Amino acid sequence: MKKIGNYNRILVTSALTYANGHTHLGHIAGSILPADMYVRYLRLAGYDVIYICGSDEYGTAIEMSAIKEGITPETIIDKYHFANKKAYEDLGMSFDIYSRTSTEYHRKASQDFFLNLYNKGLLSQRTEKQLYSEKEGRFLADRFVIGTCPICGFEEATGDECENCGSSLSPLELKKPRSKITGDTPVVKESTHYYFPLASYQDKLKEWIESKTDWKPNVVNYCKGWFKTGLKDRAITRDLDWGIPVPVEGNDGKVIYVWFEAPIGYISNTIELFEGRGTPDKWKDYWQKEDTKLVHFLGKDNIIFHAIFFPAMLMAHGDYVLADNVPANEFMNLEGSKQSKSKGHAIYVKDVLTKFNPDSIRYAIASNMPENKDTDFYFEDLQAKNNNELGAILGNFVNRTFVFCEKYFEGKVPESGKFEEIDSNITGSLISYTQRIASYYENYKFKDALSETMNLVRDANKYFNDTEPWKAVKESKERCGTIINICLQLCHTFAILFNPVLPFTSEKILKMIGTGKENFSWDRASELCLKSGHVLNKPEILFTKIEDSEIEF
RNA sequence: GCCGGAGUAGCUCAGGUGGUUAGAGCGUCGGAAUCAUAAUCCGCAGGUCGGGGGUUCAAGUCCCUCCUCCGGUACCA
C-alpha cells in the first residue's frame, strides 16, 4: 500500500451522531461530508483507509427525552439510529461501518478501557453534594435543575448557567431549585464518582499539541486557552440508568460518562468492522500501530473532547495511537441563524433528500463548507449552484460532448489525430490539476479542492468553444474527432475527480462512458484512458433545473 | 464574566510570517458564438476590508479599545 507521509494506513472518524433526533445539514457540513470527501479521495489515490462513524446513544439527554415522551430510551435510539443511518447512505456517505454505542462490542470495549485505567490505580473516587429528586428517584444533571439566579434574580436559570445575566452557576447556588421534568423540589444528597486525572496530563498534552504544525489555528489556540486556565480532573461516572454500567463492584446505579465512552465508540466500531470481515485482530493495526494516521473530523463544539479529553484517555491507556489531526469545522447556519434540533430550525437530511439530488446537496454544502468561519445555507444558493454550476458547467459539458459524439461519430470514441497546441495544453494540464487537487484534499482544504475541480470543467468548456468542433466537423472530420476524443477523455477524468464530492454523478458519467472501473483511480485521472472505437452508452441528463417553486416552503 | 474564533464586493466566501492598482465563484450589465438541458465563451462595473485610536516609509494583516455574531466554560452532547 501507498504511504502518506510516514504513515502506512489512515483511520478516519466523523463525530458520532447523537441519536435523539434526525441528522441535519449542520452535521453534514461539520463532520460528515468533509470526512467522506477526504476518504473517497484517499481510496481513489490508493491509500489504505477506513472510515468509522455511528450513533452515540447513551446519556442524560436521551434518558430525559424518553421520560418526557413516556417511552423507553431503546425506542428513541432505534428510531434515530436507523433513520440517520439511512439518511447518510442516501446522501452517499461511504462509511466502512456506521454502528452504534448500544452494542455488546461497545459495552465490552468501554468497560475494558475503564478497567484498564482503574487497575492502574489512575482513577480516584471523590464524594460531592448533588441535587436529588426524591419524586423521580434520581440525581438531576445541572441543566435539569431550574431555579432563581443568585446574581440577577432571573427565575428560569438552569443549574449550569443563567440565560439572563450569563453567569456560570452551580445547581447548589440556585435559589428555589426545582426539577425541570417534574417541578418538585430536590434535596441535597452525596454521591461518589470516579475521576479521570486530566490535570496530570496537561504537560504531555501541551507538548503533543505544540508539536502539531499543521493543525487549524482555531483548534490549537482553543486548546492553549484551556492549558492557560489549567486542566482539572474530570468525573467520568454519572448517576443515571441509561448508560454502560461502571464495571467495578459497589457502583449500582452508576454508569460511565458519555464523553468517556462515546469516543471509545470509534474503537468498538472498528472492532465490529473487522469482526464482520472475518479478521478479528485487524482492528489493532489501525488503533495500535504507530504508522497509522488517525484523523478526527468534528464540529467546533467537540474540540475539547477530541483534542484534549480523548487523547488524554489514550495516553493513560498507553496502547493507542493519538490523532494526527483534528480538523474541526465551524458551523453551517440556516438562512442567517443557527440550526437547532430543539428549536426546529434545521434542515433534516431525510427531508431535503425527498426534493433534491443528493449530489446537488453535497455540492451546495461542500462549496460553502465552514472551514474557517460559520457559513450560511440558503435554498436559493442550492438552486443557483445546481442550475448555474452543476447543470450549466459540468452537466452541460458532458451532455454537449456526448450528444455531439452521438450525432457525428455514431456514439463511438473517435480516433485521435495529431495534437495541436490547444490540445496539448488542456491534456497536459491534467497532471498539475490532479496534483493540486490531491494536495488540497490531503491538507483538508475541501472548498479549494472543489473549486479547482470545477475550474478544470470551465477549462473544458472553453476548450470546446475555442476548438469549435461544430465547424471542424464540416472542414475536417479527423480534426473534429481529435477534439471530441479529448472531450470524452475529460469526461472520464471528471468521473474520477468528482467522485469525492459527487459520487452519484461520478457513477452516472462512468456508466455513460461504459468502461467500468478499470481505470478508476486518481493516477489515471490525468491520463487519456479511453480507446478509440469504444462504444458509449446513451447520454443522460446529470442535473435537472431546480425551479423557483421548488425552493418555496 | 473568562477562554477561543469570526465581521472583506449585491450574495456566498479566499486572503502564512505587514509590501506594487484587495481576489474568486455566483448574480448584474455589455458583447461573441450556436455543438449542447438558452446550457457556453469573452469583457465591464462593483469594496474608505465592523467602528475608533495607535505603531510603521508601508496595515485587511501588528497593538489598544469598543460594537456585533458563534463555540466553550469542566454534570447536555
Side-chain angles (χ1 to χ4, degrees), chain A residues 15-18 20 56 58-62 64 128 130 139-145 151 158-161 165-168 170-171 193 198 216-229 231-235 237-240 257-259 262 299-305 308-309 328 330-331 333 337-338 342 367-378 380-381 384-385 387-389 391-393 395-405 407-408 445 447-448 451 454-455 458 461-466 468-473 480 484 487 539 541-545:
Chain A
L16 302 186
T17 307
Y18 199 59
N20 70 337
D56 174 14
Y58 288 125
T60 309
I62 284 173
M64 290 299 148
E128 286 191 343
Q130 282 182 255
F139 283 96
L140 297 172
D142 291 2
R143 63 167 45 195
F144 287 96
V145 181
I151 294 161
T158 60
D160 50 354
E161 61 157 10
C165 68
S167 312
S168 296
S170 103
H193 285 290
L198 188 59
K216 292 190 184 189
N218 181 21
V219 178
V220 172
N221 290 337
Y222 175 86
C223 292
K224 285 182 180 168
W226 274 82
F227 298 145
K228 210 156 55 183
T229 312
L231 298 180
K232 290 190 256 178
D233 295 348
R234 236 178 134 125
T237 55
R238 293 286 185 276
D239 294 295
L240 204 66
Y257 173 44
V258 177
W259 271 114
K300 63 179 170 181
D301 54 332
N302 279 339
I303 295 173
I304 175 77
F305 297 107
I308 292 182
F309 192 55
E330 307 291 310
F331 283 0
N333 299 317
S337 56
K338 69 182 245 180
S342 54
S367 60
N368 195 20
M369 197 174 270
E371 289 174 351
N372 300 316
K373 65 173 182 185
D374 287 3
T375 62
D376 279 282
F377 178 88
Y378 292 89
E380 287 85 348
D381 191 51
K385 283 182 167 142
N387 295 354
N388 306 333
E389 297 183 37
I393 298 173
N396 182 238
F397 177 78
V398 174
N399 187 251
R400 71 201 295 207
T401 298
F402 270 75
V403 169
F404 196 100
C405 183
K407 200 164 162 186
Y408 295 105
K445 293 175 181 291
K447 280 199 288 200
D448 286 339
S451 69
M454 279 307 284
N455 281 340
R458 293 187 176 96
N461 271 311
K462 181 170 165 51
Y463 173 79
F464 202 110
N465 270 40
D466 291 349
E468 302 180 310
W470 59 89
K471 281 186 188 164
V473 75
C480 182
I484 295 305
C487 289
I541 297 298
L542 295 177
F543 299 95
T544 52
K545 194 171 179 182

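If you're wondering where the values come from, they're calculated on a predicted model, not measured in any experiment. Below, chain A is the first sequence line, B the second, and so on; all start at residue 1.
The side chain of A:Ser170 places no N or O atom within less than 4.0 Å of a non-bridging phosphate oxygen (OP1 or OP2) of B:C75. Between A:Arg143 and B:C76 there is a side-chain N or O to OP1 or OP2 distance below 4.0 Å. When the side-chain nitrogen and oxygen atoms of A:Lys545 are compared with OP1 and OP2 of B:A39, one or more of them lie within a distance under 4.0 Å. When the side-chain nitrogen and oxygen atoms of A:Tyr378 are compared with OP1 and OP2 of B:U12, one or more of them lie within a distance under 4.0 Å. Phosphate contact (OP1/OP2 of B:G5, side-chain N/O of A:Lys216, threshold under 4.0 Å): absent. OP1 or OP2 of B:G4 has not a single side-chain nitrogen or oxygen of A:Lys224 nearer than 4.0 Å. The shortest distance between the side-chain N/O atoms of A:Arg238 and the OP1/OP2 oxygens of B:C75 is below 4.0 Å. Dashed line: the shortest gap from a side-chain N or O of A:Asn388 to OP1 or OP2 of B:G27 is under 4.0 Å.
Under the 4.5 Å side-chain criterion, counting only non-hydrogen atoms from C-beta, A:Val398 is in contact with A:Phe402. Between A:Asn333 and A:Phe331 the shortest side-chain heavy-atom distance falls below 4.5 Å. Under the 4.5 Å side-chain criterion, counting only non-hydrogen atoms from C-beta, A:His193 is in contact with A:Gln130. Counting only heavy atoms from C-beta outward, the side chains of A:Ile541 and A:Asn399 approach each other to under 4.5 Å. Using a 4.5 Å heavy-atom cutoff, the side chains of A:Phe404 and A:Pro469 are in contact.
Listed by first residue number, the stems of RNA chain B with at least three Watson-Crick or G-U pairs below 3.5 Å are B:1-7 with B:67-73, B:10-13 with B:23-26, B:29-32 with B:40-43, B:50-54 with B:62-66.
With P as the reference atom, B:U12 and B:G72 are 24 Å apart, rounded to whole Å. Taking the C1' atoms as reference points, B:G50 lies 8 Å from B:U68, given to the whole Å. When the P atom is used for both B:G60 and B:U48, the distance is 13 Å, rounded to whole Å. Taking atom P on both B:U61 and B:G25, the two are 25 Å apart, rounded to the nearest angstrom. Annotation: B:C26 and B:U73 have their C1' atoms spaced 39 Å apart (nearest Å). A gap of 8 Å separates the C1' atoms of B:G47 and B:U8, to the nearest Å. As rounded to the nearest Å, B:G52 and B:G15 have C1' atoms that lie 24 Å from one another. Comparing the C1' positions of B:A22 and B:C75 gives an interatomic distance of 48 Å, to the nearest angstrom.
Nucleic acid contact class of A:Asn221 (heavy atoms, under 4.0 Å, all strands): sugar-phosphate only. Contact annotation for A:Lys462: backbone-only contact, meaning every heavy-atom pair under 4.0 Å involves sugar-phosphate atoms and none involves a base. Using a 4.0 Å heavy-atom cutoff across all strands shown, A:Asn333 reaches no nucleic acid atom at all. Looking at heavy-atom distances under 4.0 Å, A:Leu231 makes contact with a base. Here A:Ile541 lies in heavy-atom contact (under 4.0 Å) with a base. A:Ala141 comes within 4.0 angstrom of a nucleotide base, judged by non-hydrogen atoms across all strands. At the heavy-atom level, A:Leu16 lies nowhere under 4.0 Å from the strands shown. Among the heavy atoms of the strands lying under 4.0 Å from A:Phe464 is at least one base atom, whether or not backbone atoms are also near.
Rounded to an integer number of Å, the gap from NZ of A:Lys407 to C1' of B:A36 is 9 Å. Between the CD1 atom of A:Ile308 and the P atom of B:U73 there is a distance of 11 Å, given to the nearest Å. Spacing between atom CZ of A:Phe305 and atom C1' of B:G72 amounts to 9 Å, rounded to whole angstrom units. Between A:Asn461 atom CG and B:C41 atom P the separation is 5 Å, expressed in whole Å. The distance from atom OH of A:Tyr463 to atom P of B:C41 is 16 Å, rounded to the nearest whole Å. Atom CD in A:Glu330 sits roughly 12 Å away from atom P in B:C13 (whole-Å rounding). Look at CD on A:Glu389: it is 8 Å from P on B:G27, rounded to the nearest Å. Counting to the nearest Å, the P atom of B:A32 and the CG atom of A:Asp466 are 17 Å from each other.
In this structure, the aromatic ring of A:Trp470 is positioned over the six-membered ring of the base of B:C35, centres within 5.5 Å and planes within 30°.
Side chain A:Asn368 to base B:U12: no donor-acceptor pair is found below 3.5 Å. Within 3.5 Å, a donor on the side chain of A:Gln130 pairs with an acceptor on the base of B:C75, or the reverse.
Between B:C3, B:C35, B:G15, one nucleotide has an atom nearer to the side chain of A:Asn372 than all others, and that is B:G15.
For the side chain to side chain contact (heavy atoms under 4.5 Å, CB included) criterion with A:Phe144, the lone passing option out of A:Thr158, A:Thr60, A:Asp160 is A:Thr60.
Note: A:Phe464 and A:Phe397 have perpendicular aromatic rings, judged against thresholds of 30 and 60 degrees for the angle between ring planes. Taking the six-membered ring for Trp and thresholds of 30 and 60 degrees, A:Phe305 and A:Phe309 have ring planes more than 60 degrees apart, a perpendicular arrangement.
The backbone N or O of A:Asn387 lies less than 3.5 Å from no partner atom in the side chain of A:Lys545, so there is not a single donor-acceptor pair.
Between A:Glu330 and A:Lys300 there is a salt bridge, since a side-chain N of the basic residue sits under 4.0 Å from a carboxylate O of the acidic one.
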